[in-house]
Amino acid sequence: MSVGGPLEWIAFAAAVAVVLAVDLAAARRSARSTLLNAAIWSGAWVGLGLAFGGWIAVRFGADAGLTYLTAFALEQSLSIDNLFVFALIFSKTGIPAALQHRVLFWGIGGALVMRAVMIGLGVYLLARFQWVVYPFAALLAFAAVRMLHGGKAEQKLADATCDLCTGWVARFLPVSPVLDAPRFLVRQNGRVMATPLLVALIALETTDLVFAVDSIPAVLSVTRDPFLVYTSNIFALFGLRSLYFLLEGVMQRLRYLRTGLALILLFAAAKLLLVEAIEIPPVVSLLVVACIFAGSVAASWRSRSQTA
């Protein structure tokens with residue numbers, strides 16, 4: 001059964017607009033997110049995503065609700081890998097903590113549009129060409145291998161992206177080496193110039209494009225319903241800004257997190273390949289994703305406590 005008719009899409013679009021307005025107002029009230037504030041907002045966004053899953057279950061049935069929750073858990077887990085690269089981009093471009101929330105807000109706003117286009121394309125290709133599952137599964141396997149290389153691969157991605165974006169922006173606008181408060185563009189000596197804030201924003205959008213190439217095939221292994229795929233992506237993205245500030249100080253301590261995310265990607269690749277041969281119930285997929293993620297976090301903290 002297809003989930004989400006025109007009324008659901010319109011209602012969801014209106015809800016997204018309200019949520020973005022609330023998020024922008026909260027960001028403007030606080031130049032820098034405190035740990036407590038980040039924890040509250042992260043919990044609120046996750047709670048909102050789970051509540052939406054409950055509404056899906058009531059509106060379209062338990063299987064649809066479990067499918068959405070599996071997709072949401074998968075996207076929420078994989079989105080954490082974005083945070084490592086975001087931290088490296090902010091470090092390379094010299095964006096102070098007080099301005100990072102602004103870049104993250106507009107970066108996530110742009111990702112909402114980009115993900116919609118990519119999800120639509122992915123669903124269309126899978127519906128028209130069954131063989132597309134093979135390159136999609138290969139992309140997931142490649143992403144898993146990249147994930148296992150950890151910090152080295154992420155550092156290379158951040159360096160290459162920042163250098164590429166700086167060069168690309170410089171082709172159209174001169175780039176000022178000096179930050180000017182929260183502005184992306186400034187006028188100096190009669191010339192419009194880009195600030196490092198704009199370079200960081202474009203770098204974040206570029207890396208999100210790279211990560212979307214991994215995460216969208218992964219969520220399509222769970223469901224090919226456009227409404228469930230897009231809403232699970234968006235609810236995972238909503239909490240990304242708060243989650244970044246919450247995990248900023250502990251990201252490097254999650255030693256086995258990348259291993260867990262790599263296993264989740266490999267599970268998604270296998271599920272995508274075997275979708276016609278083996279039907280894995282939504283509850284089983286949800287338990288696999290949750291157990292792998294929780295196990296990698298628990299192993300990281302146990303390893304840290306033993307070496308402390």
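- Note: Gln76 CD to Leu50 CG = 9.0 Å, rounded to the nearest 0.5 Å.
- Between Leu261 and Leu265 the shortest side-chain heavy-atom distance does not fall below 4.5 Å.
- Under the 3.5 Å distance criterion, the side-chain polar atoms of Thr195 are matched with a main-chain donor or acceptor of Phe184.
- With hydrophobic clusters built from ILVMFWY side chains whose heavy atoms lie under 4.5 angstrom apart, Leu185 shares a cluster with Val199.
- Side-chain contact between Phe90 and Val103: present, with at least one pair of heavy atoms (C-beta onward) separated by less than 4.5 Å.
- A single hydrophobic cluster is seen to contain both Val123 and Phe129, as judged by linkage of ILVMFWY side chains at heavy-atom distances under 4.5 Å, directly or through other members.
- Considering CG of Leu197 and CD1 of Ile202, their distance stands at 11.0 Å, rounded to 0.5 Å.
- Each salt bridge (charged side-chain N to carboxylate O under 4.0 Å, His left out) pair with one or both residues in residues 104-128, not counting sequence neighbours, appears once here: Glu75-Arg115, Arg115-Asp208.
- Looking at heavy atoms from C-beta onward, Phe227 lies in side-chain contact with Ile56 at the 4.5 angstrom threshold.
- Taking CD1 of Ile216 as the reference point, atom CG of Asn233 lies at 5.5 Å (rounded to 0.5 Å).
- Val133 is connected to Trp131 through a chain of hydrophobic side-chain contacts under 4.5 Å among Ile, Leu, Val, Met, Phe, Trp and Tyr, so both are in one cluster.
- Closest approach of Leu220 and Leu272 over heavy atoms only: O-CD1, 4.0 Å.
- Criterion: ILVMFWY side-chain heavy atoms under 4.5 Å apart, direct or through other members. Under it, Val283 and Phe293 are part of a common hydrophobic cluster.
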Please step through side chain to side chain contact (heavy atoms under 4.5 Å, CB included) for the pair Leu74 and Thr70, ending with a clear verdict. CA-CA 6 Å; Leu74 179 65; Thr70 304; 5.6 Å; no
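- The CZ atom of Arg187 lies 12.0 Å from the CE atom of Met193; values are rounded to the nearest 0.5 Å.
- Side-chain contact between Phe60 and Thr67 is absent, with no heavy atoms from C-beta onward closer than 4.5 Å.
- In this structure, CG in Leu66 is found 12.0 Å from OG1 in Thr223, a value given to the nearest 0.5 Å.
- Annotation: side chain of Trp55 is not in contact with side chain of Tyr68 (no heavy-atom distance under 4.5 Å).
- Contact annotation: the side chain of Ser296 never approaches that of Thr259 to less than 4.5 Å [non-hydrogen atoms, C-beta and beyond].
- When hydrophobic clusters are built by joining Ile, Leu, Val, Met, Phe, Trp and Tyr residues whose side-chain heavy atoms come closer than 4.5 Å, directly or via intermediates, Val113 is not grouped with Ile234.
- Summarising the geometry of Val169 relative to Ala194, their closest heavy-atom pair is CG1-CB, 3.6 Å, with the distance given to 0.1 Å.
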Apply the test ring-ring contact (aromatic ring centres under 6.0 Å, His included) to residues Trp45 and Phe235: give CA-CA distance (whole Å), side-chain angles for both, the deciding distance (0.1 Å), then the verdict.
-> CA-CA 7 Å; Trp45 294 132; Phe235 276 112; 8.7 Å; no
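- Considering all non-hydrogen atoms of both residues, Leu69 and Gly53 come closest at CD2-CA, 4.2 Å.
- Taking every heavy atom of both residues into account, Ser77 and Ile264 meet most closely at CB-CD1, 4.2 Å.
- When all heavy atoms are compared, the tightest approach of Gly49 to Phe72 is CA-CZ, 4.1 Å.
- Put simply, the side chain of Leu204 does not reach to within 4.5 Å of the side chain of Trp106, judged on heavy atoms.
- Between Leu201 and Arg102 the shortest side-chain heavy-atom distance does not fall below 4.5 Å.
- A pairwise comparison of heavy atoms in Arg59 and Glu8 identifies NH2-OE2, 3.0 Å as the closest pair.
- To the nearest 0.5 Å, the span separating OG on Ser221 from CG on Leu126 amounts to 10.0 Å.
- Using cut-offs of 30° and 60° for the angle between ring planes, the Phe12 and Phe52 rings count as tilted.
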